> 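Dumping the structure here so I can ask a few things about it.
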Amino acid sequence: MIGHIQELIENALEHLIQREEIQLETLPDIQVERARNPAHGDYAANIAMVLQKQLKKPPIEIAHMIVGALNQSKHIEQVEAVKPGFINFTLTKQCRLQVIRKIIEQKEDFGRNDIGKDQHVTVEFVSANPTGPLHVGHGRGAAYGSSLVNVLKKSGYQVHAEYYVNDHGRQMDILATSVWLRYLELCGDQLRFPDNGYQGDYIVNIARQVRAKFGDDLRVEVNQIFDQVTKDESQGGDKEAHIDDVIQNSKNLLNDNYQKVFKIALNEILSGIKDDLEDFNVHYDEWFSEKKLHQSDWIDRAMQRLKDGEHVFKKEGAWWFNATYFGDDKDRVLMRENGQKTYFASDVAYLLNKFERGFDRAIYIFGADHHGYISRLKAAAKALGYEADKVDILLVQFANLFKGQEKLKMSTRSGSFITLKTLVDEVGTDAARYFYVMRSHDQHLDFDLELAKSQTKDNPVFYIQYAHARICSVFRQLDAQNMPYNEEIGIVNLKLLDSDYEKALIRQLSMYAETVAKAAVSYQVNTIANYLKDLAQSFHQFYAHCKIQGDNEDLRNARLNLCSATRYILADGLALIGSSAPTEMYSEDFDQDD
RNA sequence: GCGCCCGUAGCUCAACUGGAUAGAGCAUCGCCCUUCUAAGGCGAGGGUUGCAGGUUCGAGUCCUGCCGGGCGCGCCA
């Protein structure tokens, strides 16, 4: 519709130029937007005010000229030039009612657009190190990333969702060694657990599995492990050096068996992460292994590519990427003095891999604490020969958990974090997914666990789902009431939907498609959440004032069609953000007979 | 110190990316169930959009400087 109005205005301007009533070198961009205030019609154009300087005429005068030159349109009932210089368009009733028919016809395909037609994008999100279960901090990235994937798909993009598994490197060695030490304790050995080892109970659980599989086969003389190692921090030494020494000894003592422990630890944690994400309604197309980058030649290829472009130099024994040349504030090490490749080297290789797989765009979703990565990744993209704007890095701010007024303090360090699984068990996937995305991703979020669980209108998830369930309930009762639903009769009589509440609801429905499109373009998934709340509100207001199951067959069926369309949109929108649309609401506290 | 993000009703947030009288919910106060889920609805009060300038027809939105908050600045992952 916006396009249609733009065309009308463009034609009008051309007429005016032809008739030499105005002079314009080039046609300006014609902005048409939805009117905020229903009193201003359905759409508004600001073109007259934009042109006032060029034409040296009062905007209201220009507006009147344009209105006078507009062609007739069967969709538009009224055009008005008003106050400062807006041109307001009011659609015909017929045109406004069409959205109901369209939704009922297209069902879950309604709201699709082709903004991303023929575009392949990869969205990488969460990518937490597989050294422990996901916690609530990861939850927001998961909810946001997954919702964004859904929104982009709905907008026609070919989307590939990826989780980058850091299954290589020192952290993983610390994990494997931690598991092995716990295993030895289970075998009855006494030892001093390193300060920097992974402390959580889940390590002991994995150790138990190792023991179940290997019995006592992996036992060694404990003293050997701590032979010649640097003192730990709490012994007045260095915790990093200490754990590195312990790891080295463990590798030597276990030989081939080290890899077996390593594998069990990795698989256990990774499958836990996968399960948690599945339960959270988060799905991936690919779990991309960092180790594979090392085993194949991707890292070497990426390094070579940088070297070919003369973006690499050697300093103090290490190989550096001259990231500053591309706008980063520091140069970055690719290979350390000891020959080990850095994490950043893998990142560059992975980025190259993404582009060579043919993606038009690589979207990254990081926690806000990683914002330092933006400039170095973009620098890498440029150095590899790609445009920096093919890489979109989105930062997700932290969420503060509350229980009512009480702020839950959590530290990732001591292992006293709340896991994502605990959260989902507590409030459910539907509420958690909604709460995580209801604010803009680049804004801090207060997540109130009590509110998320409450079954009142204060809880937006409940409020929205209740609207959906209410509609389902209305339809369930029709047979018993002997009030059959006839879609065709309803379609013919849509014009009977004439109250302010019905108009408001229809208007809300008509905004769904543009809301989805806007969310896709701006990456603002929260607009979907806000929209759903507004839609639910419009519905509840309609419901409270308009009797649906009435005796008038024409009106009843028209209203049922309105309900039906609303139900589709509620369900579709909820699905986009990963929440479900229940057909009835249950509560332990609520007594059905009351 | 440098860099990034953010300051909107007492609280939590919107505002269609520069448009018309800045909107919701909570909290406060008042109303509506013999009627499809009151698990809901209707109404009232509440604002110098952190402060000061600038850009233009027009600024919560863009630019500069302050004030206040969050995060980041390793041959760590």
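Heavy-atom basis, side chains included; hydrogens, waters and symmetry copies ignored. Keep in mind that this is a model prediction, so the values were computed, not measured. Chain letters run A, B, ... following the sequence lines, proteins first, then strands; residues in each count from 1.
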> Between P on B/C11 and CD on A/Glu450, what's the gap in Å once rounded to a whole number?
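About 21 Å, once rounded to whole Å.
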
> Of all the choices, B/G7, B/C36, B/G70, which nucleotide is nearest to the side chain of A/Gln443 once you look at every atom?
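Nucleotide nearest to A/Gln443's side chain: B/G7.
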
> So if I take every side-chain heavy atom of A/Thr456 and compare against B/A24, B/C75, B/G40, which nucleotide ends up nearest?
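Closest nucleotide among those given: B/G40.
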
> Can you tell which of B/G41, B/C71, B/A15 lies closest to the side chain of A/Lys457?
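That would be B/G41.
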
> Just the rounded figure in Å: distance from C1' of B/C11 to CG of A/Leu451.
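Value for this atom pair: 13 Å.
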
> Which nucleotide in the set B/G41, B/A14, B/U17 lies at the smallest distance from any side-chain heavy atom of A/His545?
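Of the options given, the side chain of A/His545 lies nearest B/G41.
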
> Counting only heavy atoms not in A/Phe313, do more than 12 sit closer than 6.0 Å to its CZ atom?
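Yes.
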
> Restricting to salt bridge (Lys or Arg N to Asp or Glu O under 4.0 Å), what partner residues turn up for A/Lys403, sequence neighbours left out?
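For A/Lys403 the salt bridge (Lys or Arg N to Asp or Glu O under 4.0 Å) partners, ignoring immediate neighbours, are A/Glu426.
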
> RNA chain B: A/Cys546 or A/Ala44, which has the more 5' nearest nucleotide?
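Its nearest nucleotide lies further toward 5', so the answer is A/Ala44.
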
> Describe the nucleic acid contact of A/Cys472 in one word from base, sugar-phosphate, nothing, applying a heavy-atom distance below 4.0 Å.
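Here A/Cys472 touches no strand at all.
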
> Polar-atom pairs under 3.5 Å, protein N or O versus N or O of nucleotides 2-4 of chain B: list them with distances, or write none.
unit_1 : atom_1 : unit_2   : atom_2 : d
B/G3   : N2     : A/His371 : NE2    : 2.7

> Counting only heavy atoms and a strict 4.0 angstrom limit, can you tell me which residues of residues 547-556 of chain A come near RNA chain B?
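Contacting residues: A/Lys547, A/Ile548, A/Gln549.
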
> Compare the minimum distances between each of B/A38, B/G74, B/A14 and the side chain of A/Tyr543, then state the nucleotide with the smallest one.
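When the side chain of A/Tyr543 is considered, B/A38 is the closest of B/A38, B/G74, B/A14.
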
> With sequence neighbours excluded, what pairs up with A/His242 under the ring pair (Phe, Tyr, Trp, His ring centres under 6.0 Å) test?
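Listed in chain order: nothing, the list is empty.
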
> Who passes salt bridge (Lys or Arg N to Asp or Glu O under 4.0 Å) against A/Glu290, sequence neighbours left out?
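Testing A/Glu290 for salt bridge (Lys or Arg N to Asp or Glu O under 4.0 Å), a comparison that skips the adjacent residues, returns none.
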
> With the threshold set at under 4.0 Å for non-hydrogen atoms, list the residues of residues 163-179 of chain A touching RNA chain B in residue-number order.
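Within this stretch, A/His168, A/Arg170, A/Gln171 sit under 4.0 Å of the strand.
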
> Name the closest nucleotide to the A/Arg470 side chain, picking from B/A24, B/A38, B/U17.
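Looking only at heavy atoms from C-beta outward on A/Arg470, the closest nucleotide is B/A38.
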
> Picking from B/A20, B/C13, B/C75, which would you name as closest to the side chain of A/Phe86?
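Selected nucleotide (nearest to the side chain): B/A20.
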
> In the structure shown, which nucleotide is the Watson-Crick or G-U wobble counterpart of B/A59, with both distances under 3.5 Å?
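B/A59 is unpaired by these criteria.
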
> How many whole angstroms separate atom CG of A/Leu532 from atom P of B/G25?
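The answer, rounded to whole Å, is 17 Å.
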
> Salt bridge (Lys or Arg N to Asp or Glu O under 4.0 Å), that's the test. Do A/Lys378 and A/Asp328 meet it? Break it down for me.
CA-CA 9 Å; A/Lys378 294 214 169 206; A/Asp328 197 0; over 6 Å; no

> What I want to check is whether an N or O donor and acceptor connect the side chain of A/Asp458 with the base of B/A39 at under 3.5 Å.
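When only heavy-atom distances are counted, A/Asp458 does not reach the base of B/A39 through any donor-acceptor pair under 3.5 Å.
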
> Return the orientation label for the A/Tyr350 and A/Tyr164 ring planes: parallel under 30°, perpendicular over 60°, tilted otherwise.
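Aromatic pair A/Tyr350/A/Tyr164 classed parallel.
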
> Kindly say whether A/Ile60 contributes a backbone atom to a donor-acceptor pair with the side chain of A/His64 at under 3.5 angstrom?
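At least one qualifying donor-acceptor pair exists.
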
> Apply ring pair (Phe, Tyr, Trp, His ring centres under 6.0 Å) to A/Tyr543 and list each qualifying residue two or more places apart in sequence or on a separate chain.
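Once residues adjacent in sequence are excluded, the partners of A/Tyr543 under the ring pair (Phe, Tyr, Trp, His ring centres under 6.0 Å) criterion are A/Phe539.
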
> Can you say whether the rings of A/Phe475 and A/Tyr485 are parallel (under 30°), tilted (30 to 60°) or perpendicular (over 60°)?
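The rings of A/Phe475 and A/Tyr485 stand perpendicular, inter-plane angle above 60°.
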
> At 4.0 Å (heavy atoms only), tell me whether A/Ala368 reaches a base, stays on the sugar-phosphate, or touches nothing.
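Touches sugar-phosphate only.
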
> Has A/His40 got a side-chain atom pairing as donor or acceptor with A/Asn88's backbone, closer than 3.5 angstrom?
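Flag not set: sc A/His40 to bb A/Asn88 has no pair under 3.5 Å.
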
> Could you verify whether a donor N or O on one side chain and an acceptor N or O on the other, from A/Arg439 and A/His444, lie under 3.5 Å apart?
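Looking only at side-chain atoms, A/His444 and A/Arg439 do not form any donor-acceptor pair under 3.5 Å.
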
> Rounded to the nearest Å, what distance is computed from the CZ atom of residue A/Arg332 to the P atom of nucleotide B/C73?
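After rounding, the gap between these two atoms is 9 Å.
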
> Out of B/C13, B/A20, B/A39, which nucleotide sits closest to the side chain of A/Arg439?
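Taking heavy atoms from C-beta onward, the closest nucleotide is B/C13.
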
> In whole Å, what is the span from the CG atom of A/Asn338 to the P atom of B/C76?
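In whole Å, B/C76 P and A/Asn338 CG are 8 Å from each other.
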
> Judged by modelled atom types alone, do A/Thr324 and A/Asp331 share a side-chain donor-acceptor pair under 3.5 Å?
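Note: A/Thr324 and A/Asp331 side chains meet the donor-acceptor criterion.
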
> Could you give the CG-to-P distance, from A/Leu334 to B/C75, as a whole number of Å?
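In whole Å, B/C75 P lies 12 Å from A/Leu334 CG.
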
> Not counting sequence neighbours, which residues clear salt bridge (Lys or Arg N to Asp or Glu O under 4.0 Å) with A/Asp232? List them please.
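Counting only residues at least two positions away or on another chain, A/Asp232 forms a salt bridge (Lys or Arg N to Asp or Glu O under 4.0 Å) with A/Arg192.
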
> For nucleotides 56-62 of chain B, give me every protein contact, N/O to N/O, under 3.5 Å, one pair per line with atom names.
unit_1 : atom_1 : unit_2  : atom_2 : d
B/C57  : OP2    : A/Lys53 : NZ     : 3.2
B/C57  : O4'    : A/Gln52 : NE2    : 3.1
B/C57  : N1     : A/Gln52 : NE2    : 3.1

> Looking only at side-chain atoms of A/Ala544, point me to the closest of B/U12, B/G41, B/A39.
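The answer is B/G41.
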
> Just the rounded figure in Å: distance from C1' of B/C42 to CZ of A/Phe542.
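The answer, rounded to whole Å, is 17 Å.
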
> Mind calculating the distance between CD (A/Gln537) and P (B/G23) to the nearest angstrom?
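Atom-to-atom, A/Gln537 to B/G23, this comes out as 14 Å.
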
> Does the pair A/Glu240/A/Arg170 count as a salt bridge with the N-to-O cut at 4.0 Å?
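Salt bridge flag = yes for A/Arg170 with A/Glu240.
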
> Map A/Asn530 and A/Asp369 onto RNA chain B by nearest heavy atom, then report which one ends up closer to the 5' terminus.
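Whichever sits nearer the 5' end wins; that is A/Asn530.
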
> State plainly whether the residues A/Arg34 and A/Asp42 are in salt-bridge range, i.e. N to O under 4.0 Å.
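Answer for the salt bridge query: no.
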
> Between A/Ser473 and A/Gln477, is there a side-chain donor-acceptor contact under 3.5 Å, judged purely by atom types and distance?
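Indeed, the side chains of A/Gln477 and A/Ser473 share at least one donor-acceptor pair under 3.5 Å.
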
> Evaluate whether the aromatic ring of A/His40 and the six-membered ring of the B/A20 base sit under 5.5 Å apart, centre to centre, with an inclination under 30°.
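Stack criterion met.
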
> So what does A/Thr131 hit on the nucleic acid, given a heavy-atom distance under 4.0 Å: a base, only sugar-phosphate, or nothing?
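No contact.
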
> Is the shortest side-chain N/O distance from A/Lys341 to OP1 or OP2 of B/C75 below 4.0 Å?
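Indeed not, no polar side-chain atom of A/Lys341 lies that close.
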
> Under the rule for ring pair (Phe, Tyr, Trp, His ring centres under 6.0 Å), what residues qualify as partners of A/Phe86, not counting sequence neighbours?
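By the ring pair (Phe, Tyr, Trp, His ring centres under 6.0 Å) rule, A/Phe86 matches no residue at all.
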
> If you count every heavy atom of other residues, nucleotides or ligands that lies below 6.0 Å from A/Asp551 atom CG, does the total exceed 12?
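No, CG of A/Asp551 has 12 or fewer neighbouring heavy atoms, counting only those of other groups under 6.0 Å.
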
> Please name all residues satisfying side-chain hydrogen bond (donor to acceptor under 3.5 Å, both in side chains) with A/Ser127, sequence neighbours left out, ordered by chain then number.
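For A/Ser127, the residues satisfying side-chain hydrogen bond (donor to acceptor under 3.5 Å, both in side chains) (neighbours in sequence not counted) are A/Glu124.
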
> Tell me whether the side-chain N/O atoms of A/Gln541 come closer than 4.0 Å to OP1 or OP2 in B/C42.
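For B/C42, OP1/OP2 do have a side-chain N/O of A/Gln541 under 4.0 Å.
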
> Can you sort out which residues in residues 241-248 of chain A have a heavy atom within less than 4.0 Å of RNA chain B? Ascending by number, please.
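Within residues 241-248 of chain A, no residue comes under 4.0 Å of RNA chain B.
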
> Students often get this wrong, so: under 4.0 angstrom with heavy atoms, is A/Lys57 touching a base, only sugar-phosphate, or nothing?
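Answer is nothing: A/Lys57 stays at 4.0 Å or more from every strand.
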
